[in-house]
Asker: 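Let me begin by handing over the structure; questions about it come next.
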Amino acid sequence: MAPMTDYLIIGSGVAGIAAVDAIRSQDQRSRIILISNEREGFYSRPGLAYYLTGELVEADLKPFSKQIFDELRCRCVHAEVSAIVPSQRMIQLQDGGQIPYKRLLIATGAQAARMDIPGLDSKGVVKLDNIADVRLIRKLARRGKRAVVIGGGITALEIVEGLVANKVITHYFLRGKRYWSNVLDVTESRIVEHKLKEEGVKIHYQTSLERIFEKRGRITGVRTQAGQDIKCDLLAYAIGIRPRVDLARACGLEVDRGIIVNQHQQTSQPTIFAAGDVAQVYDPNTGNYVIDSLWGLAREQGWIAGLNMAGANQAYMRGTPFNVTRLANLTTTIVGTVGKGQDDDLHGIARGDSEVWRQLPDAIAVQSDFEVNHIRLILGDNTLLGSIIMGDQTLSQPLRELINNNVPITSIREKLLEPNAPLTDLIIDHWTHWKSSHAN
Ligand SMILES: Cc1cc2nc3c(=O)[nH]c(=O)nc-3n(C[C@H](O)[C@H](O)[C@H](O)COP(=O)(O)OP(=O)(O)OC[C@H]3O[C@@H](n4cnc5c(N)ncnc54)[C@H](O)[C@@H]3O)c2cc1C
């Protein structure tokens, strides 16, 4: 057995890396081991979409060099963890090795939920979780090839965009009547769909997959439930994510959809912590335990977990879930609660998504459209609850701050509700006024 390590971290994603940083901010001497089954170690997962379109090269995704890990005195191990044995404070590796620990962090992230259909393991069927997936899609995606994409949310759209950028003829199947219906409203869905159609994407509404055709193990086409056959060389699915909870469940930790953690990111075993996409965290606003798949929140959770592993006593203060992303080439900010209900295209949440975005109480939405730009505000009685900003991002930061800080909007609420209200001016003035009074 390897010598005892003080801090053992499973997963070299952003949560794991933030934990290493946090531990070193408290403890310069102890041993840290970071284990990952991905040979590439740490890289920008949201950046994968841009690697797929060809806007970034692989090297652009890797913000941490070996030198930084050396400076942090963190030993990186490439291995698959196969079991955790809490009673012996030890983990087992698939290659038979064992590593004892004093404090353990599970930061194993999430993976694409699988579709329940025969033929899913055929060559040419792909998902988008990691760098290896992008390499594979890029290899298969050549001018004139044909693809079918299934799913909702950001990842399915990113795959569609990546395929289009690689000149692939792309069919996009939506089970529902519009794109991402439990986060976007009808106008926003139509903006995205319109842009996709302009790029040549063939959108099939209310369409689901009946079967996969394959020849000698390679996909050749699909049949829809309506009986239409479509030839394709590639089938991509992004129907939601599943936190990687198997290790935690097998060793008896409390697991629901993710690993349940308290506000110190501690699991039901006090020496074991969890953070990032795998963790289900307490949301003080609702009293529920929720799952996010957001880079920024994974980093915050990893940081808090690391501090507490090293003996600090720091609670995770969950901020308003927030994402700035690109939907069909339109920069889009999503912040706070903006939608509700189920989406036929998604099981749970997608990448870059949050369960909290769906917790919409009774509220009024106001919106404004000008050219390709679109703003939607969700008004509570006294505060803004959420917002979507597509295109021009002037309001992105002001709205994020107003929502995150629960700034009262009573003085402008009536004006916001007037027909054709100048939303941008009202919000900027209100934010500027709040900032200046806040500064004093
Ligand atoms: C295509 C894509 C687009 C995204 N877009 C956005 C976006 O626009 N905005 C946003 O905020 N977020 C986005 N995300 C989500 C964001 O990347 C995640 O929230 C974040 O990476 C989660 O970090 P993590 O450290 O929890 O897990 P991960 O980054 O998933 O890292 C977990 C690591 O643990 C490894 N691992 C798992 N099990 C084991 C094991 N048994 N042994 C060893 N290693 C193991 C995994 O292979 C992986 O390397 C996107 C993600 C993807 C894939």
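What you are looking at is a predicted structure, and each value in this text was computed from that prediction instead of being measured.
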Asker: If you measure only the distance, is there a donor-acceptor pair under 3.5 Å linking the side chains of E55 and T53?
Answerer: yes
Asker: Does NZ in K177 sit with more than 12 non-hydrogen atoms of other residues, nucleotides or ligands closer than 6.0 Å?
Answerer: no
Asker: Rounded to the nearest 0.5 Å, what separation is found between the CZ atom of R142 and the NZ atom of K139?
Answerer: 9.5 Å
Asker: Under 3.5 Å, is there a donor on one side chain and an acceptor on the other for E58 and Y51?
Answerer: yes
Asker: Are N130 and R45 close enough that some pair of their side-chain heavy atoms sits under 4.5 Å apart?
Answerer: yes
Asker: Looking at K435 and E401, is there a salt bridge between them, counting it only when a charged N and a carboxylate O are closer than 4.0 Å?
Answerer: yes
Asker: Could you tell me whether a side-chain N or O of D133 sits under 3.5 Å from a main-chain N or O of D129, the two making a donor and an acceptor?
Answerer: yes
Asker: Judged by modelled atom types alone, do E193 and Y205 share a side-chain donor-acceptor pair under 3.5 Å?
Answerer: yes
Asker: Kindly determine whether Q393 and T333 satisfy side-chain hydrogen bond (donor to acceptor under 3.5 Å, both in side chains), including the steps that lead there.
Answerer: CA-CA 8 Å; Q393 293 296 302; T333 298; 2.5 Å; yes
Asker: Are H430 and I427 close enough, and set up right, to give a side-chain contact (heavy atoms from CB on, under 4.5 Å), and what steps lead you there?
Answerer: CA-CA 5 Å; H430 195 63; I427 293 295; 5.7 Å; no
Asker: Just by distance, with hydrogens left out, do D429 and T432 show a side-chain donor and acceptor under 3.5 Å apart?
Answerer: no
Asker: For N404 and T320, does a side-chain donor sit closer than 3.5 Å to a side-chain acceptor?
Answerer: yes
Asker: Looking at R146, H204, K202, K231, which hits side chain to side chain donor-acceptor pair (under 3.5 Å) with H171?
Answerer: H204
Asker: Is the shortest side-chain heavy-atom distance between I239 and M115 below 4.5 Å?
Answerer: yes
Asker: Is any side-chain heavy atom of S208 less than 4.5 Å from a side-chain heavy atom of T224?
Answerer: no
Asker: Near E210 CD, under 6.0 Å, is it more than 12 heavy atoms from other residues, nucleotides or ligands?
Answerer: yes
Asker: Do I291 and V278 make a side-chain contact, defined as non-hydrogen atoms from C-beta onward lying under 4.5 Å apart?
Answerer: no
Asker: Quick one: CG on D21 to CD on Q26, what's the gap to the nearest 0.5 Å?
Answerer: 11.5 Å
Asker: What I'd like to find out is whether the side chain of I272 reaches to under 4.5 Å of the side chain of I84, using heavy atoms alone.
Answerer: yes
Asker: Quick check: are there more than 12 heavy atoms from other residues, nucleotides or ligands sitting under 6.0 Å from NE2 of H78?
Answerer: yes
Asker: Output, in order, the C-alpha distance, side-chain angles, deciding distance and verdict of side-chain contact (heavy atoms from CB on, under 4.5 Å) for Y316 and R318.
Answerer: CA-CA 6 Å; Y316 171 55; R318 191 171 181 287; 3.7 Å; yes
Asker: Just by distance, with hydrogens left out, do D392 and T394 show a side-chain donor and acceptor under 3.5 Å apart?
Answerer: yes
Asker: For Y7, is the NZ or CZ atom of R103 found under 6.0 angstrom from the centre of its six-membered ring and inside 45 degrees of the ring axis?
Answerer: no
Asker: Check whether any side-chain heavy atom of L157 sits under 4.5 Å from a side-chain heavy atom of Y179, and report yes or no.
Answerer: yes
Asker: Any idea which heavy atoms bring L8 and M309 closest together, and the distance?
Answerer: O-CE, 4.2 Å
Asker: Could you tell me whether R326 and E158 make a salt bridge, using a distance below 4.0 angstrom between a side-chain N and a carboxylate O?
Answerer: no
Asker: I'd like to check E161 versus E199 (side-chain heavy atoms, cut-off strictly below 4.5 Å). Are they in contact?
Answerer: yes
Asker: If you draw a 6.0 Å radius around CD in Q28, do more than 12 non-hydrogen atoms from other residues or ligands fall strictly inside?
Answerer: yes
Asker: Ignoring hydrogens and angles, state whether a donor on the side chain of Q111 or R244 is under 3.5 Å from an acceptor on the partner side chain.
Answerer: yes
Asker: Can you tell if the side chain of D353 reaches within under 4.5 Å of the side chain of W180, non-hydrogen atoms only?
Answerer: yes
Asker: Are side-chain N/O atoms of N308 and Q314 paired as donor and acceptor at under 3.5 Å?
Answerer: no
